[in-house]
Amino acid sequence: MPGILVVAATAEGALSRSSLELVGGARALDASLGSGVSAALLGHGLGSTGAAEALHQHGVATVYRVDHPALTAGQSDAYLAAAEQVARTAKPDVVLVGADTVGREVAPRLAHRLAGALVTECTELAVEGGAVVVRRQAYGGRALATLVVRGRPAVLSVKPRSLDAPEPAPVAGSVVDVDAQIDPNALPTRVREVLREKSEVGLEDAQVVVSGGRGLGGPDGFKMIEELAAMLGGAVGSSRPPADAGWVPISWQIGQTGKTVRPALYVAVGISGATQHVAGMAGSRTIVAINRDPEAPIFGVAHLGLVGDYREIIPPLIARIKELKAR
Amino acid sequence: MESSWLRALVVLALVVVAGAIFTRKLLLVYRLIRLGAGPVPLAPPGERLRDLVAQVLGHRKVLRRPLAGVLHLFIFWGFLVLLTTIIQAMGEAFSPGWTLPVIGQPPLLAALQDLFIALVLIGVGMALWMRLVSRPRRLEGQDRRGAYLILGFIGGIMITLLLSRAGQIVLESPAWAPGAALSGFVAGAIAGAPRAVVRGVFEVAWWGHLLIILIFLTWIPEGKHLHLITLVPNILLKKARPRGALAPIDIEQAEHLGISSIEHSTWKDMLDAFACMECGRCVEVCPANATGKELDPRRLHTDLRTHLTRVGSARLAGGEAADAPALVGGVFSEAFLWQCLTCGACVEECPAANDHIDKIVGMRRHLVMEEARVPDTMGDALRSLEARGHPFRGAGLSRTAWTAGVEVKTLADGGRAEWLLWVGCASALNERNHGSLRALVRVLQRAGVEAAILGDEEACTGDPARRMGNEYLFQQLAQQNIETLNRYGVRKILTACPHCYNTFKNEYPQFGGQYEVWHHTQLLARLVEERRLAPSEAVPLTVTFHDPCYLGRHNGEYDAPRRVLAAIPGVRTVEMAQCRERGFCCGAGGGLYWVEDRVGQRINHVRTDHATATGAQVVATACPFCMLMLEDGVAAREAKIRPMDVAELLGRSLAGGSAERSGG
Amino acid sequence: MDIIVCLKQVVDPELPARDFAIDPATRRQVREGRPLVLSTYDENALEVALQMKDHQGAKVTALTIAPQATVGDTVRLALAMGADEAVVIDDPRSPELSGPARARMLAAVIRKIGRYDLVLTGCESADLVERLIAPLLAEELGAACVTFVARIDAADGPLVVRRQADEGYHVVEARLPAVLSVTSDEANRPRLPKVKDIVTAKRKPVQIWTPGDLGSMADDGGVEVRDVAIPQRTGKCEFLTGDPAQQAEALALRLRELKLL
Ligand SMILES: Cc1cc2nc3c(=O)[nH]c(=O)nc-3n(C[C@H](O)[C@H](O)[C@H](O)COP(=O)(O)OP(=O)(O)OC[C@H]3O[C@@H](n4cnc5c(N)ncnc54)[C@H](O)[C@@H]3O)c2cc1C
Ligand SMILES: Cc1cc2nc3c(=O)[nH]c(=O)nc-3n(C[C@H](O)[C@H](O)[C@H](O)COP(=O)(O)OP(=O)(O)OC[C@H]3O[C@@H](n4cnc5c(N)ncnc54)[C@H](O)[C@@H]3O)c2cc1C
Ligand code: SF4
Ligand code: SF4
């Protein structure tokens with residue numbers, strides 16, 4: 001029964017948000033392809049978690065379930081083996097994998113094993129004239145590529161948070177238990193330990209950076225910035241004056257004589273945009289500037305500009321983001 | 001004076017012993033210096049002789065500090081003149097009644113000698129006053145005990161001389177006595193004493209005089225007074241290079257790149273170390289030191305001397321000073337070496353003609369090229385230079401972005417012009433300087449001067465790489481640029497950047513790039529004076545000019561920008577206390593634009609304070625780096641003063657509004 | 001230990017927006033006249049290899065597929081930083097190769113080189129950011145695979161690496177041979193080459209092979225690049241309007257649209 005297979009890997013047993021996003025993407029594709037959506041539910045101790053039911057609730061009829069003790073956090077090789085078994089059973093046309101830590105390793109290898117086509121880090125999926133067409137960013141976000149995927153199966157890894165989680169659409173479904181032959185001792189890699197210590201993903205590697213400048217007026221302003229950064233899952237940076245004044249550690253300084261960052265999102269708050277500062281953040285994909293001076297040079301490099309007092313903008317922004325994320 | 005063989009023998013023995021000690025010590029110094037590498041190309045002899053006269057006999061640089069200069073001049077000339085009394089005394093010891101050949105013992109000479117005894121004593125008094133009362137900053141960190149001891153020696157020599165002369169007058173009434181006013185005065189004071197007492201005073205003073213002189217002699221080859229001997233050769237052995245140029249190294253041939261150990265230093269570096277008189281003039285003018293940093297240009301010499309003596313002596317004895325600290329990272333910390341702006345203030349000031357920059361850049365060369373150790377953000381600039389041909393990591397501007405709104409041809413597009421306008425990265429890639437460039441182009445067009453640019457074909461001249469110690473990268477960039485320039489047959493280069501100016505003028509000839517190079521203020525001054533530009537609109541502003549180090553000290557051009565300012569109606573100029581030769585670096589030189597200045601005060605903030613203190617409304621400059629640093633200083637200090645390029649000011653005064661509002 | 005580091009040459013990602021262009025014929029970035037640099041994370045990968053060489057001894061081979069005429073600086077930089085030798089596959093088509101084809105070619109070269117315990121790549125290339133070469137290469141070579149490796153914790157016994165993960169780090173033990181893709185970390189900030197090494201790098205061996213040396217290699221990934229568009233927003237700032245609350249609202253929605261929430 002060829003169709004769309006969603007790889008729902010779960011370490012804790014519960015269905016993750018990104019797996020649901022994949023289901024949303026699969027259903028949208030299915031609206032044109034009409035070949036049905038199934039899911040590979042991979043994990044350990046899945047019986048009691050209701051993950052299969054959740055999938056049924058969201059319109060997935062067939063759930064291939066692999067329940068194996070080797071399917072624990074980060075164990076990519078085990079997930080790969082399980083996904084491969086399911087794919088060989090289900091023979092799908094399209095396989096969707098979330099491009100998370102494990103998915104990034106699984107998707108290309110799965111495509112290789114299935115001799116399929118591969119596109120990674122997709123942000124949009126569509127069907128045009130019967131063909132699967134996907135979009136992804138290229139060249140550091142400067143360009144958007146449209147690719148036509150002809151090979152089958154088409155293994156697509158999807159960037160987390162790029163598809164919408166679907167509304168519930170319950171179907172009567174079935175669970176097919178697939179017996180995976182995974183020999184934990186034969187796996188080439190083994191996760192020894194998961195370090196959850198709030199990974200000090202350094203400023204330089206952060207995907208979101210919220211930066212404050214002299215315009216914040218003092219260390220108190222940075223409390224607000226830190227809250228916004230936490231809400232966006234990012235790190236906090238600064239221009240030079242706050243570092244000079246001791247409002248923030250020197251290591252937060254971004255710019256020519258500080259750090260260089262290239263995040264997906266850079267939010268500059270109360271920063272005028274001197275060239276020496278811009279030198280350290282110009283490579284950011286999306287730059288948002290909040291400044292009360294409409295003539296500030298930062299608006300020359302920003303993509304989105306908000307003119308006003310940050311103290312009036314940030315609190316409602318935090319509140320609104322909280323709301324959107326809760327949905 | 002009566003004499004005996006005994007006296008002659010004792011004197012002879014003492015002189016021989018002292019002379020032997022002196023010679024041995026001096027020989028060691030000579031051998032230590034010879035441990036250095038050579039050859040060092042020397043300046044033309046005429047120039048060297050001129051320097052010798054000016055610096056040694058005329059004390060030109062020493063006299064820049066009036067008090068210290070005058071006292072030193074007294075002591076120096078005193079010793080020259082009183083050398084005659086020493087020779088006289090020696091001669092008398094062997095043959096009573098002996099007099100100097102030719103000049104003999106006329107009263108006139110005696111008068112001169114007495115005059116200088118007085119002047120030297122005044123000098124010693126002034127020196128004591130300086131050390132005890134006025135205490136200038138440059139004397140901090142000097143070896144105090146040594147200094148007092150030396151003053152004691154000098155004072156002792158003079159007092160004993162005076163007493164022995166007085167005694168001699170009383171005892172023998174020599175022919176020269178009428179001339180010796182001061183000695184005569186003292187003689188009058190002791191004349192009443194019994195003859196035996198006078199004789200005793202005379203003998204004690206005479207022997208004391210001789211002994212102090214001989215002990216002093218054995219002391220000279222140690223410590224700062226060695227400059228009595230080394231200074232003359234140091235000035236006579238002046239390097240052939242122009243001030244702004246660093247010496248090239250043959251990267252392929254060199255066994256070691258840069259300096260990390262004494263054998264990598266040249267003998268001239270060593271001679272410099274022995275010529276340092278610890279006067280502290282360099283420390284006093286060093287902007288890094290003045291703002292609280294570790295860098296100390298005097299210590300650069302004194303510690304090098306100590307290290308050299310220790311390591312070199314061991315080596316001369318056939319061994320190694322095993323526990324001696326490493327030269328780089330030990331004797332001089334990396335921070336010390338990375339704080340130098342290569343501003344040249346120390347070199348300008350040093351009365352011993354020492355070159356501080358060569359040594360610091362030499363050690364940086366070792367750090368960068370042998371060990372690849374440089375401050376992170378400087379490393380980023382070097383990488384950017386390598387990959388993109390400019391040091392401004394992350395600059396999102398193209399090299400021609402500034403031309404929006406003015407018409408400039410590029411050579412690649414077939415533009416032919418008398419001048420190549422060399423734009424420079426600091427101008428092209430930093431928006432603040434675009435206004436200065438456009439103002440310059442408009443002014444040139446007004447005067448009918450044709451200038452074209454290279455556009456994307458321009459690469460950094462390599463100045464930052466060279467000052468950071470990456471000679472290799474510098475040479476690559478230099479060769480690349482020379483090739484481009486020659487391909488277009490460029491003869492005359494006009495540049496708005498003193499760093500580019502210096503590099504083209506003083507350094508590219510080392511690699512076969514010979515061009516006629518002008519800084520934009522030089523051409524502007526010429527155009528104004530030839531009346532090809534007629535500044536007529538009044539620009540009613542008070543302006544103070546900040547001298548860029550690489551225009552001023554390194555190339556001696558202090559006047560051109562001032563002449564342009566003077567030609568602008570309405571402009572009233574005021575000078576900062578630190579101007580011209582004493583100009584204070586903006587903080588960007590030596591590649592330090594690319595590192596954070598966090599130790600002590602920020603240099604550009606201090607410089608901004610200097611400018612603000614004049615009460616001027618505008619601080620004018622003629623360098624894109626200075627401009628960025630001053631803009632930053634003004635913003636940080638929230639100062640009212642506004643930085644402007646000389647070309648921007650001139651542009652404003654040309655009728656018909658070729659001006660553009662820019663900056664501040 | 002024998003380590004092979006895969007290095008990709010890319011157009012300087014810091015290129016001014018004005019110079020960024022897509023060639024409509026190949027649907028790839030225009031490379032002519034643009035500075036080429038080593039892809040960002042590849043330098044980190046090389047640094048990791050060199051640190052292993054410094055600490056426990058290793059032979060490091062730099063490998064790149066690129067048109068030979070343009071490759072000089074990249075390879076020389078790698079050798080100057082400390083790689084022992086370099087292999088260049090002179091393929092003028094290389095900028096256009098598909099991911100799987102490129103992985104296949106890299107695997108063929110690596111097999112031809114023969115001895116290897118570790119293959120390191122950047123975690124993603126600075127231009128296309130596919131993040132697929134390392135896993136594909138592992139499959140081609142039948143090797144273990146760990147991506148987004150921040151640092152190597154141990155290599156004397158079993159190989160233990162630290163993988164950057166959504167929730168922190170995974171400490172992963174891997175068998176050899178292994179393919180690792182490397183992300184940046186403070187521990188692997190790329191070193192500056194020493195000039196002496198730059199000079200001696202000119203004498204280090206560089207082998208230049210052609211794709212023909214590797215046997216035939218079909219390039220049909222089953223993916224066709226239809227279009228690469230540059231969104232027309234560079235240089236222009238879009239101002240969100242309204243009172244502060246309205247602006248905040250608009251921004252939150254835009255962030256969601258941009259998939260940033
Ligand atoms: C806009 C666009 C989108 C594309 N999307 C896809 C797609 O989704 N799927 C697909 O199959 N093809 C796609 N292609 C075709 C594309 O050419 C290849 O997928 C791409 O070359 C993969 O390489 P990468 O460098 O991006 O891979 P990455 O996996 O991001 O590269 C990681 C590492 O691989 C190593 N490496 C890469 N290239 C070389 C090399 N030449 N020499 C040595 N080492 C190297 C480096 O260590 C590098 O850091 C796309 C092409 C374009 C223009
Ligand atoms: C050699 C050198 C190296 C340098 N290196 C760096 C570097 O690495 N990094 C760096 O950042 N800088 C660096 N600088 C300093 C740089 O030139 C600028 O001075 C600095 O970036 C300015 O910081 P800022 O934008 O925070 O402050 P300002 O320029 O003072 O800007 C403050 C901004 O906040 C706005 N504002 C004020 N109040 C509010 C409010 N309530 N709400 C919203 N907006 C408000 C104002 O309109 C203004 O635009 C360097 C300078 C030099 C000379
Ligand atoms: S060149 Fe300038 S900064 Fe360097 S030591 Fe001399 S005075 Fe100090
Ligand atoms: S180096 Fe020159 S200026 Fe400095 S203390 Fe020595 S003699 Fe004086």
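Chain A is the first sequence line, chain B the second, and so forth, proteins listed ahead of strands; every chain is numbered from 1. Predicted, not measured: the structure shown is a model, and the values here were computed from it.
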Next item on the list: With a 4.5 angstrom heavy-atom cut-off, could you sort out which part of C:I22 is near chain A: side chain, backbone, both or neither?
Entry: side chain

Item checked: Heavy-atom proximity to chain A below 4.5 Å, by part of C:Q246 -> neither

Next item on the list: Determine whether C:R162 and A:L195 make a side-chain contact, defined as any pair of heavy atoms from C-beta on separated by less than 4.5 Å.
Entry: yes

Notebook entry, point to check: Measuring heavy-atom distances to chain A, does C:V160 have an atom under 4.5 Å in its side chain, in its backbone, in both, or in neither?
Noted result: side chain

Margin query: Would the distance check show the side chain of C:Q247 and the main-chain N or O of A:I313 forming a donor-acceptor pair, the cut-off being under 3.5 Å?
Written below: no

Notebook entry, point to check: Can you name the closest pair of heavy atoms from A:G305 and C:C237 and give their distance?
Noted result: N-SG, 3.5 Å

Next item on the list: Please name the pair of heavy atoms, one in C:V223 and one in A:L118, separated by the smallest distance, quoted to 0.1 Å.
Entry: CG2-O, 3.6 Å

Margin query: Please classify the contact between C:L255 and chain A as side chain, backbone, both or neither, with a heavy-atom cut-off of under 4.5 Å.
Written below: side chain

Margin query: Any heavy-atom pair between the side chains of A:S76 and C:H170 that's under 4.5 Å?
Written below: no

Item checked: Closest heavy-atom pair and its distance - C:P158, A:R192 -> CG-NH2, 4.1 Å

Item checked: Steps toward salt bridge (Lys or Arg N to Asp or Glu O under 4.0 Å) verdict (C:E124, A:R104) -> CA-CA 11 Å; C:E124 61 188 40; A:R104 285 192 301 236; over 6 Å; no

Check: C:R175 and A:N185: which non-hydrogen atoms are nearest, and at how many Å?
Finding: NH2-O, 2.6 Å

Item checked: Distance-only polar pair, side chains of C:R163 and A:T189, donor-acceptor under 3.5 Å -> no

Checklist line | Trace of the side-chain contact (heavy atoms from CB on, under 4.5 Å) decision for A:I321 with C:L251 | finding: CA-CA 9 Å; A:I321 292 173; C:L251 177 59; over 6 Å; no

Checklist line | Interface moiety of C:F239 toward chain A, non-hydrogen atoms closer than 4.5 Å | finding: both

Note to self: Between A:L187, A:L163, A:D164, A:V106, who has the most heavy-atom pairs with chain C when the cutoff is under 4.5 Å?
What the structure shows: A:L187

